[in-house]
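These numbers were taken from a predicted model, which means no experiment stands behind them.
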Amino acid sequence: MEVKNNVQESPSIDKWRKSGERVLPENIDHFDQPKNGYNLYPVHALGNNKIFNGYPSLASWIIEKKTVIIDGYIGVFWQQTESFLQEEFTKRNVKINWIRSSEYLKSTDELSQLVNPFLGENKSVWGKKTTLKLEDFFDDSFFTIPTDDQYDINIVIGMGAALINQDAPTIYLDIPKNEIQYRMRANAVANLGADKPTSAAEMYKRFYFVDWVVLNAHKAQILDRISVVADVQRQSSINWVSAKDLKKGLKQISQSLFRVRPWFEAGAWGGHWLQENIEGLNKNEVNYAWSFELIVPENGIVFESDGYLLEVAFDFLMLTENESVLGKHAPIFGTEFPIRFDFLDTMDGGNLSVQCHPSLKYIREEFGENITQDETYYILECKEDAKVYLGFQEDIEPADFNKALTDSQQLSREIDIEKYVQVHNAKKHDLFLIPNSTVHSAGANNLVLEISATPYIFTFKMYDWLRLGLDGQPRPINIEHAFKNLNFDRKGNVVTQELISKPSVIEKGSDWELIHLPTHQEHFYDVHRLDFDTEITVKTNDVCHILMLVEGTAIKVKNSDGQLTDFHYAETFVIPAAAGSYTLINTGAGRAKVIKAFVKDEVNFDAPIIHTEK
């Protein structure tokens, strides 16, 4: 399939995405919602007559205008969208002047020179978040293109279309990050301004450090000009909503509760708990290593009206309602959501790589991130032999460890990793603390709920058990990066004293307890667990709460307006700061236990958070 400046030929049905996961159905009637278990497709109601289906209905909306802008995100099949709309206009004898933004992009060579400084070394997994703006990708002639009165309608279409100097209603085409990656893996899309796809790893790196950065900033800049938001993740259909109605829906969930749509990925060490226990996942997938429960740079929120489903990127919520979501912490994090939840499934799988994450100073200077990858491992499920690797042995000699790692990489030599790194027995409800610069790994036969700061790709692997990735190639090893960050003082007794949380009951009632699972002093977030037999009421105190039922089968959550929402075991949900209070009601057998993560009252960074302005 030819790809030129991100204008794709219409992909064939079997080549447009590469994934064993099905596309989000366009209508809620097209799938069976599980009645008593984990829901793959959580939805939020917008009310009747809010979401519209199909290109004919969108064409009817456009025909009422004289000039229309159709902007949107990377990964959209722009030519296909144009063709579907043109088919409708032809039926109605409407003459269209199509102005395509892709035709005004700078040359491939010019764009390569622009973006290369942000892509790091050729074989590196990481680059540095760009300082470029979307305007930098276009020739100056694009910004002042005149419309043509000879046509019934002028339509400016493509990424960056809203940069044109025209005061016209804007349609924004959105697509989830997982679907972008499925299209990327099928070579059905390319990077912004690229002539053709590159390898999946290279495309993802550029997405993360360049394309997504400039397009997210562009979305923020044009947000108030957007009239319609459309979900184009399906190949030949479209669902759309007025921006006004979407913002009402976002405001409503920002003051009550919400759950993002999770998605799942296989990996070299992946296990099978998720596959075996979540209805609707592909049983033929090799494994599931990750669940993106709440990794919001890559999650979407699904809305429903009259059965039709529309998914929008999470950043729509933060761009419009970050103060309601984050409360007292909004001035610190701005439009960045600070905490993530994800699953690491090694059940009947393998060990994760022995790894560490960068210090705050390092991640800012080297990669352009604002906060670093401080993590914890909460053990949700495990077998009796489950282990967690955490911290160094008391007698660690950094030079010896470095040599062992280097020799292993160069000579394919196994390492007795326990000679250098401590190993700890893991049991359900344990919380292991992994502040940045700490050596760690999750062993086989765990289902880990990873509670962490939001950054999620900055893992410096030092030892990967000599295995290959699912693509049959060695996975990248990053010894040099790791040794610029490893804290060798986290060793011996310090590990059990400071890096394994010591739970304590801080409040209790007749049939409930509030348990504190303290995090490390370097973590800007803390963890509580709510254990209760019947119900418990919680105040937000102007702080956002991220929660999950970690024992029991089901609960209802009642918000301050009395609305009830069901959640099941292992489902992540969020109570925004603006909710004020909420009640958890146990509707299953036995005691319910709910994990709650939240930003600490006092957050001290050695430099301010920089964030996207509204």
Side-chain angles (χ1 to χ4, degrees), residues 112-133 136 191 198-217 295-298 332-340 352-375 398 401-402 405-406 409 434-441 450 452-464 474-490 520 522-524 603-612:
S112 293
Q113 291 179 16
L114 271 180
V115 304
N116 281 345
F118 303 99
L119 298 182
E121 299 176 1
N122 285 338
K123 294 185 178 180
S124 173
V125 177
W126 307 284
K128 186 170 185 176
K129 281 197 170 179
T130 188
T131 55
L132 295 170
K133 296 181 178 179
D136 298 327
N191 289 111
T198 56
S199 70
E202 288 298 312
M203 274 197 281
Y204 182 84
K205 179 168 70 170
R206 181 157 157 203
F207 282 150
Y208 187 97
F209 290 100
V210 178
D211 298 357
W212 292 350
V213 177
V214 299
L215 290 168
N216 289 346
I295 307 182
V296 293
E298 297 204 23
I332 299 172
F333 296 100
T335 55
E336 291 191 17
F337 192 84
I339 295 175
R340 66 177 161 90
L352 270 67
S353 63
V354 177
Q355 58 189 243
C356 76
H357 305 299
S359 69
L360 181 61
K361 182 175 185 291
Y362 198 83
I363 203 170
R364 285 178 167 176
E365 292 178 354
E366 294 293 319
F367 308 122
E369 286 284 347
N370 296 321
I371 55 180
T372 194
Q373 200 163 319
D374 290 308
E375 298 180 341
F401 185 46
N402 191 311
L405 294 170
T406 302
Q409 183 183 19
I434 312 167
N436 64 81
S437 305
T438 304
V439 66
H440 66 282
S441 168
E450 190 171 52
S452 175
T454 294
Y456 57 105
I457 69 167
F458 300 95
T459 299
F460 302 146
K461 302 180 184 72
M462 291 168 273
Y463 180 61
D464 201 27
R475 301 211 300 160
I477 300 295
N478 319 109
I479 298 169
E480 183 177 355
H481 275 302
F483 271 74
K484 291 178 180 177
N485 288 274
L486 280 170
N487 185 336
F488 285 95
D489 291 331
R490 291 178 182 150
H520 192 269
E522 290 197 24
H523 288 106
F524 65 76
V603 179
N604 296 310
F605 293 108
D606 58 12
I609 290 291
I610 303 168
H611 60 84
T612 305

Where [X] and [Y] come nearest, the two heavy atoms and their spacing:
X      : Y      : answer
Met462 : Ile477 : O-CG2, 3.6 Å
Ser359 : Asn485 : N-OD1, 2.9 Å
Leu119 : Val210 : CD2-CG2, 3.9 Å
Pro358 : Phe458 : CD-O, 3.2 Å
Ala453 : Ile371 : CB-CD1, 4.4 Å
Asp211 : Asn191 : OD2-ND2, 2.9 Å

Could you pull out all residues at least two apart from His440 that satisfy ring pair (Phe, Tyr, Trp, His ring centres under 6.0 Å)?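 Once residues adjacent in sequence are excluded, the partners of His440 under the ring pair (Phe, Tyr, Trp, His ring centres under 6.0 Å) criterion are His357, Tyr377.
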Contacts of Phe460 that satisfy ring pair (Phe, Tyr, Trp, His ring centres under 6.0 Å) - sequence neighbours left out: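 Only Trp126, His481 meet the ring pair (Phe, Tyr, Trp, His ring centres under 6.0 Å) criterion with Phe460.
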For the [atom1] atom of [X] and the [atom2] atom of [Y], what is their distance to the nearest 0.5 Å?
X      : Y      : atom1 : atom2 : result
Asn478 : Ser124 : CG    : OG    : 7.5 Å
Phe524 : Ile339 : CZ    : CD1   : 6.0 Å
Leu405 : Ile479 : CG    : CD1   : 5.0 Å
Glu202 : Asn122 : CD    : CG    : 6.5 Å
Ile457 : Lys205 : CD1   : NZ    : 10.0 Å
Glu522 : Thr372 : CD    : OG1   : 9.5 Å

Just checking, is any N or O donor in the side chain of Asn370 or Glu336 under 3.5 Å from an acceptor N or O on the other one?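 Judged by distance alone, the side chains do pair up.
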Under 3.5 Å, is there a donor on one side chain and an acceptor on the other for Tyr463 and Gln409?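 No pair is found: no donor N or O on one side chain lies under 3.5 Å from an acceptor on the other.
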Side chain to side chain donor-acceptor pair (under 3.5 Å) partners of [X], counting only residues at least two apart:
X      : answer
Ser112 : none
Asp136 : none
Ser437 : none

Short side-chain to backbone donor-acceptor contact, Asn402 and Pro398, under 3.5 Å: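 Flag not set: sc Asn402 to bb Pro398 has no pair under 3.5 Å.
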Does Leu352 offer a backbone N or O that forms a donor-acceptor pair with the side chain of Ser441 under 3.5 Å?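 Pair found, side chain donor or acceptor close to backbone of Leu352.
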In chain order, what residues pass the salt bridge (charged side-chain N to carboxylate O under 4.0 Å, His left out) check against [X], with sequence neighbours excluded?
X      : value
Arg340 : Asp342, Glu375, Glu450
Glu480 : Lys484
Asp464 : Arg467, Arg475

Let's go through Gln373 and Thr459 carefully: what are the C-alpha distance in whole Å and the side-chain angles of both, what is the deciding distance for side-chain contact (heavy atoms from CB on, under 4.5 Å) to 0.1 Å, and is it a yes or a no? CA-CA 8 Å; Gln373 200 163 319; Thr459 299; 3.6 Å; yes
side-chain contact (heavy atoms from CB on, under 4.5 Å) for Val115 and Thr130? Distances and angles first, verdict last. CA-CA 8 Å; Val115 304; Thr130 188; over 6 Å; no
Checking side-chain contact (heavy atoms from CB on, under 4.5 Å) for the pair Asp374/Ile434: CA distance, chi angles, key distance, verdict? CA-CA 6 Å; Asp374 290 308; Ile434 312 167; over 6 Å; no
Take the angle between the ring planes of Tyr362 and Phe367 and call it parallel below 30°, perpendicular above 60°, tilted in between.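 Ring orientation of Tyr362 relative to Phe367: perpendicular.
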With sequence neighbours left out, what residues match [X] under side chain to side chain contact (heavy atoms under 4.5 Å, CB included)?
X      : answer
Asp489 : Asn487
Lys129 : Tyr208, Phe209, Val213, Glu369
Val125 : Pro476
Thr131 : Phe118

Step by step, would you call Trp212 with Arg206 a side-chain contact (heavy atoms from CB on, under 4.5 Å)? CA-CA 8 Å; Trp212 292 350; Arg206 181 157 157 203; over 6 Å; no
